[in-house]
Amino acid sequence: MAPSAAQRIVIENCAIATVDADDTEYASGYLVVAGNRIESIGAGRAPQNLENVVRRIDGTGHLVTPGLVNTHHHFYQWITRGLATDHNLFNWLVALYPTWARIDEQMGRVAAQGSLAMMARGGVTTAMDHHYVYPQGAGDLSGAIIGAAAEMGVRFTLARGSMDRSKKDGGLPPDFAVETLEGALAGTEETVDRFHDASFDSMTQVAVAPCSPFSVSTELMKQGAELARRKGVRLHTHGSETVEEEQFCKELFGMGPTDYFESTGWLGSDVWMAHCVHMNDSDIAAFARTGTGVAHCPSSNARLAAGIARVPDMLKAGVPVGLGVDGTASNESGELHTELRNALLINRLGAHRESALNARQALRLGTYGGAQVLGRSAEIGSLEAGKLADFVLWKLDTLAHASIADPVIALVFGAAAPVTASFVNGKQIVEDNRLLTVDEDAIARATRDEAQRLARIAAQA
């Protein structure tokens, strides 16, 4: 808990959805922040005679929720949006790998700024980036990405990715786009040693994240898992995204993706995988048995025609599930708060129809579920005394939402709600839908310039 001498911020007169274990909600309540922690939360007015109150916020017309937690992304794709728009996953990858393999440190930094800015202004307080493209001579890509997150003030996990299976080895990436096995492992370990902070209020963590079965050797999968567990960090990769991936695994490894992952040490409570669209009952049971998490990316799954993930069945089985934007070359909006709605609606097109997900389940996916998947549910993901002060004030009294009585339904079913304020670690980073820590307009100009520069380089090659 924060010391009594800490500076306090008091938010009152707001609806609150805590997303705690009991889904506690207050029609009109308060939140007290002391330093970087939530000190107290409850119904009615805040306690009187609080010391060191430096700010009071009238939350009338607002819903306060935990900050959104993004569990899967590829920041570099911000500068390749709008390309290969009518492709399935494998064809999309083949079309874009040659361009992605020509990114450099400046492009990586600017693309990270664009991706982070779009998420942060829409209520994301914890972001992650699965970066797996490390061309030779590209510079300090990991440092550039982490620096962009630190500058913006967003809590961040870098999933240090890698690829070592190119076309000549039966993979999809071009030969010049991959690392060696030794280089990938050394680069990943160096990134963990340099940046990972395991403390309770850590702003930066690192995961070990070989890209996917069709771009990574079995040896990199196995040694990557050993490295992660030796260093005490989490593991992340893509899994069961498409029918083609399942066929690829059966042809190359003689088994489906989940069995392959288990054979390489990639099931466990320290692992989460992106997509997991094509999972049978046995696959879901294996994830539930081992505590393996899932990053559900509904918009990207639709954009690439991958299919509908069995999220209701995963949740019923006890699989930890969070939401992911995915890379913005397969989800051009780059926003996580729209994924609350898309997760609910797309899953209702599946076998469970109208009973697939409700509004509160969707909000939980985007908050506490994401914290579980990133291994940080003790610190973030719900509004509870002692947890870190990562929260959002959503404005729900405008034309877009004012006639919807239930604020959580308004947030999830309605149009994307304006963010009046977003706090990370007790510090405000968004006010009235604008970022306070960086210049959005400057970032927009820089991303346009870097996208054009990358396009020129790729065309010349």
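Positions are given from 1 along the sequence.
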- Message: Test side-chain hydrogen bond (donor to acceptor under 3.5 Å, both in side chains) on Ser199 and Ser202; report intermediate values, then the result.
- Response: CA-CA 5 Å; Ser199 65; Ser202 168; 4.7 Å; no
State which residues pass ring-ring contact (aromatic ring centres under 6.0 Å, His included) with [X]; sequence neighbours excluded, sorted by chain then number.
X      : answer
Phe176 : none
His296 : none
Tyr368 : none
Trp266 : none

Please tabulate, for side-chain N and O atoms in residues 221-228, each donor-acceptor pair with protein atoms closer than 3.5 Å (sequence neighbours left out).
| unit_1 | atom_1 | unit_2 | atom_2 | d |
| --- | --- | --- | --- | --- |
| Gln223 | NE2 | Glu219 | OE2 | 2.8 |

- Task: Would you check, one step at a time, whether the test side-chain hydrogen bond (donor to acceptor under 3.5 Å, both in side chains) holds for Arg109 with Gln106?
- Result: CA-CA 5 Å; Arg109 177 183 295 104; Gln106 174 64 13; 3.2 Å; yes
Check: [Y] and [X] side chains under 4.5 Å, non-hydrogen atoms:
X      : Y      : value
Leu323 : Leu336 : yes
Asp140 : Arg194 : yes
Cys211 : His238 : yes
Ile429 : Val154 : yes
Asn358 : Ile409 : no
Glu245 : Pro257 : yes
Tyr134 : Leu141 : yes
His275 : Ser212 : no

- Task: For this output row, return yes or no: ring centroids of His131 and His74 closer than 6.0 angstrom.
- Result: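 Not under 6.0 Å, so no.
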- Test log, rule side-chain hydrogen bond (donor to acceptor under 3.5 Å, both in side chains), inputs Asn342 and Ser299: CA-CA 7 Å; Asn342 290 344; Ser299 294; 2.7 Å; yes
- Item | Pairwise salt bridge (charged side-chain N to carboxylate O under 4.0 Å, His left out) hits with a residue in residues 120-132, at least two apart |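 Listed by first then second residue: Arg121-Glu440.
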- Tell me the salt bridge (charged side-chain N to carboxylate O under 4.0 Å, His left out) pairs involving residues 327-345, sequence neighbours left out?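 Every pair satisfying salt bridge (charged side-chain N to carboxylate O under 4.0 Å, His left out) with a residue in residues 327-345: Arg303-Glu332.
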- Message: Test side chain to side chain contact (heavy atoms under 4.5 Å, CB included) on Thr18 and Asp23; report intermediate values, then the result.
- Response: CA-CA 6 Å; Thr18 68; Asp23 270 331; over 6 Å; no
Can you list, pair by pair, the side-chain donor-acceptor contacts under 3.5 Å of residues 113-120, counting residues two or more places apart and other chains?
| unit_1 | atom_1 | unit_2 | atom_2 | d |
| --- | --- | --- | --- | --- |
| Gln113 | NE2 | Glu151 | OE1 | 3.3 |
| Ser115 | OG | Phe75 | O | 3.1 |
| Ser115 | OG | Ala111 | O | 3.2 |

Is [X] salt-bridged to [Y], cutoff N-O under 4.0 Å?
X      : Y      : answer
Arg229 : Asp270 : yes
Lys250 : Asp259 : no
Lys395 : Asp397 : yes
Asp201 : Arg155 : no
Glu189 : Arg230 : yes

- Please name all residues satisfying side chain to side chain donor-acceptor pair (under 3.5 Å) with Arg376, sequence neighbours left out, ordered by chain then number.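 Listed in chain order: Glu379.
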- Message: A quick test of your reading: do over 12 heavy atoms of other residues, nucleotides or ligands sit less than 6.0 Å from NZ of Lys231?
- Response: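 Count over threshold, so yes.
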- Item | Atom CD of Gln136: over 12 foreign heavy atoms under 6.0 Å |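 Incorrect, the count does not exceed 12.
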- Closest non-hydrogen atom pair between Thr65 and Leu383, with its separation: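 Between these two residues, the closest heavy atoms are C-CD1, 3.8 Å.
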- Task: Over all heavy atoms of both residues, which pair between Val373 and Gly322 is shortest? Give the atoms and the distance, please.
- Result: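 Nearest pair, atom of Val373 first, then Gly322: CG2-N, 3.5 Å.
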- Just grab all the side chain to side chain donor-acceptor pair (under 3.5 Å) pairs involving residues 170-179, residues at least two apart or on different chains.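 Side chain to side chain donor-acceptor pair (under 3.5 Å) check on residues 170-179 returns Arg160-Glu179, Ser166-Asp175.
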- Query: Are Asp164 and Ser217 linked by a side-chain donor-acceptor pair shorter than 3.5 Å?
  - Reply: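 Side-chain D/A pair, Asp164 to Ser217: present.
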- Taking only residues at least two apart or on different chains, which pairs with a member in residues 93-120 satisfy ring-ring contact (aromatic ring centres under 6.0 Å, His included)?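 For residues 93-120, and leaving out neighbouring residues, the ring-ring contact (aromatic ring centres under 6.0 Å, His included) pairs sorted by first residue read Tyr76-Trp100, Trp92-Trp100, Tyr97-Trp100.
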- Message: Once ring-ring contact (aromatic ring centres under 6.0 Å, His included) is applied, what residue pairs with a partner in residues 206-236 remain, sequence neighbours excluded?
- Response: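 Sorted result for residues 206-236: His72-His236, Phe90-Phe214, His130-His236, His236-Trp272.
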- Task: Let me see the working for Thr125 and Phe423 under side chain to side chain contact (heavy atoms under 4.5 Å, CB included), right down to the final yes or no.
- Result: CA-CA 7 Å; Thr125 56; Phe423 286 78; over 6 Å; no
- For the side chain of His62 and the backbone of Thr420, is there at least one donor-acceptor N/O pair under 3.5 Å apart?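 Here the side-chain-to-backbone pair does not exist.
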- Task: Begin from the C-alpha positions of His278 and Glu241 and carry the test side chain to side chain contact (heavy atoms under 4.5 Å, CB included) through to its verdict.
- Result: CA-CA 6 Å; His278 297 277; Glu241 186 172 358; over 6 Å; no
